[in-house]
Amino acid sequence: MRKLIFAFTLIFLLISKHSTSQSFTQVEDIKALEILLLETSKKTNSIISDFIQEKHLDFIDEKITSKGKFWLRDENSLRWEYTEPFSHIIIIHDGKFITKDDSGKFTSYDISSNQVFKEVNNLIVSSARGDLMADGKFEVTAFESQNTYLLKLIPKDPQVKQVISETELYFDKKSLTVSKVIMIENEKDYTVISFVNREINAQIPDSTFVTN
Amino acid sequence: MPRFRIALLLLISIIAILHSCSPIKGLKKSPSPEEISINLPLLENAYSTALYKTSISIGKHYHTGIFLFKKNLEEDATNIVFLSEFGLNLLEMKYKNDNIELINSQEFLKNKIFISNLKSCILPLLINRNSERTNKLYTDNNDSIKVIKIRHNSNRYYYFCNENNFVNKIVNQRVLKGDITIKLNYDLNKVPQNMVFINDRVKLELEMDLIKLN
């Protein structure tokens, strides 16, 4: 009886996995999609959004979830603020990487001093903006479903590939903004960042990127 | 002067220096160390996963992220992962058979001194006070200071206990590599809430704050 239940469960899982992958079909005119996303990205001066970050690790059953809010302005100004399960602020601004914790302690260092770190941060910022496709650093394949575009990006730089082997970007077809990013490190470890309550082109003051 | 005399004098000098730097200077050895029950291993009590918000400063380098300690019952081991804030794995280690093994690390963290110091910081949080190891208890005249000394390979660990026998300071004495001092604070849990690790010789300062226990 147990074997039968196991077999049914396995078949059910295989069917559901298959149907998920079936719901996305490959985009034929990838160049047209690239132009469309680039145009939208060019019109995007700022993004404010809540985020939910879920880290999946091979050796633990439960995922590590954190929540917060981010502010992105132009190409180089990002404030990434965690509110749960702890308070922590990361600011990338004017080539500096600044962190501030809940006790008020903050540190700042030059982001260009570490090439890999710089690339990973570019990846995060570009993922949120949705213009990764155009920078030529990735091998891109595109898929679509009824409401979503899915871009799968594989880094060409072997050092970056060591950190993230593949990135999946999910775009809402109506707004052409990124709703979800999946950063895959290896077969079993990955991070999902979902963006909710997005505001596009809202005014973001300079003070957002300053810690005192 | 014959060579052996020079060597002998050097040896005596080194022993004298080491003794004068000993963390237990002025304390007396107690005949019955087993009478003291302390909360070792520090990160093994009453949890399966522990998450610590972490900042690491070593020389001119600075890293922040999250340390995750996960008991691995199948292998009788502890998985240790250092994650970046964005969730990416930066470093992975495993504690098994009384040793920490580096499993994987990003290139920018692959520094021999950094890895060696990191292992030396974390190991005293995970080792057991088993009977196979030399356990010695040192106290002052009033028994208000209690220090358990444990030897592990070439290192000596001094666990300073408070009145409730909770470890609030560890000195990891490492010959020629610089001592590591760990200060620990507790909140409501049996596991430390805040830990600060310092090695002055390599300008290492590492701080961990407990976020979550499962």
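A note on names: the letters A, B, ... follow the listed sequences, proteins ahead of strands, and every chain is numbered from 1. Everything numeric in this text was worked out from a predicted model, so none of it was measured. The figures here come from the full heavy-atom set of this structure, side chains too, leaving out hydrogens, waters and symmetry mates.
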Let me confirm one number: the [atom1]-[atom2] distance from [X] to [Y], rounded to the nearest 0.5 Å.
| X | Y | atom1 | atom2 | value |
| --- | --- | --- | --- | --- |
| B:Ile211 | A:Ser87 | CD1 | OG | 11.0 Å |
| A:His88 | B:Ser55 | NE2 | OG | 8.5 Å |
| B:Phe86 | A:Ile90 | CZ | CD1 | 4.5 Å |
| B:Asn72 | A:Ile60 | CG | CD1 | 11.5 Å |
| B:Glu92 | A:Asp189 | CD | CG | 6.5 Å |
| A:Asp61 | B:Ser48 | CG | OG | 8.5 Å |

Under a 4.5 Å cut-off applied to non-hydrogen side-chain atoms, are [X] and [Y] in contact?
| X | Y | result |
| --- | --- | --- |
| B:Ile66 | A:Phe86 | yes |
| B:Leu68 | A:Phe59 | yes |
| B:Lys212 | A:Ile64 | no |

message: With a sphere of 6.0 Å drawn around NZ of B:Lys183, does it hold more than 12 non-hydrogen atoms of other residues, nucleotides or ligands?
response: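 Counting neighbours around NZ of B:Lys183, 12 or fewer heavy atoms of other residues, nucleotides or ligands fall under 6.0 Å, so no.
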
Using heavy-atom distances under 4.5 Å, tell me whether [X] contacts chain B through its side chain, its backbone, both, or neither.
| X | result |
| --- | --- |
| A:Glu54 | neither |
| A:His56 | neither |
| A:Tyr82 | side chain |

Can you see which heavy atom on [X] is nearest to which on [Y], and at what distance?
| X | Y | value |
| --- | --- | --- |
| B:Asn89 | A:Glu185 | N-OE1, 2.6 Å |
| A:Gln53 | B:Glu85 | NE2-O, 2.9 Å |
| B:Gly87 | A:Thr191 | O-OG1, 3.2 Å |

message: Less than 4.5 Å to any heavy atom of chain A: does that hold for the side chain of B:Leu83, its backbone, both, or neither?
response: side chain

